[in-house]
Amino acid sequence: MVYSDIIDATSEDGFLHNTGVQSKSYRWVSKSRVESVIGKTSPRLLDEIDFSILKDIPSYKKEIAKYKYELDILQNKYTELQNRVIELENKWKTR
């Protein structure tokens with residue numbers, strides 16, 4: 001079963017075994033309470049955790065929606081230009 005709040009982590013991410021990081025249940029721990037450090041995690045996993053946290057922030061959601069809208073406009077323009085190129089190529093071939 002796949003849970004949307006669990007980020008898969010493997011030994012490549014710095015863990016001893018395959019595991020998951022629960023990204024919707026945050027706990028802050030003082031550095032003074034940490035008794036030892038076992039290792040470090042990968043930048044990839046940290047990026048996924050960052051994204052998971054950020055996407056719940058309303059202002060971030062608004063920014064993402066804005067960029068998705070702009071991306072849609074650019075993709076539509078790109079498709080129009082591709083079609084125009086094909087049209088011109090076909091016109092050129094028939095001369």
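Hydrophobic cluster membership is shared by F51 and I57, with clusters built from Ile, Leu, Val, Met, Phe, Trp and Tyr side chains linked at under 4.5 angstrom.
Residue pairs meeting the salt bridge (charged side-chain N to carboxylate O under 4.0 Å, His left out) criterion with at least one member in residues 66-77, sequence neighbours excluded: E63-K66.
In this structure, the separation between CG on D5 and OG on S23 is 5.5 Å, given to the nearest 0.5 Å. Interatomic distance, OG1 of T10 versus CG of L16, reported as 11.5 Å (0.5 Å rounding). One distance of note links OH of Y60 with CD1 of I53; it measures 11.5 Å at 0.5 Å rounding. The CG atom of L71 sits 11.0 Å away from atom CD1 of I64, with the distance rounded to the nearest 0.5 Å. Note that CD of Q22 is 10.5 Å distant from CD1 of I7, once rounded to the nearest 0.5 Å. Taking CD1 of I49 as the reference point, atom OG1 of T41 lies at 6.0 Å (rounded to 0.5 Å).
Looking at K24 and D56, a side-chain N of the basic residue comes within less than 4.0 Å of a carboxylate O on the acidic one, giving a salt bridge.
For S11 against N18, the heavy-atom pair with the smallest separation is N-OD1, 4.0 Å. For the pair S42 and E12, the tightest heavy-atom approach, listed with the atom from each and the gap, is CB-O, 4.0 Å.
When side chains are defined from C-beta on, T79 counts as touching N83, because their heavy atoms get closer than 4.5 Å. Within the 4.5 Å cutoff, the side chain of I6 has no heavy atoms near those of the V21 side chain.
Under the rule for a side-chain hydrogen bond (donor to acceptor under 3.5 Å, both in side chains), R33 has no partner lying at least two apart in sequence or in another chain.
Other residues sharing the hydrophobic cluster of Y69, ordered by chain and number and joined by side-chain separations under 4.5 Å: I73.
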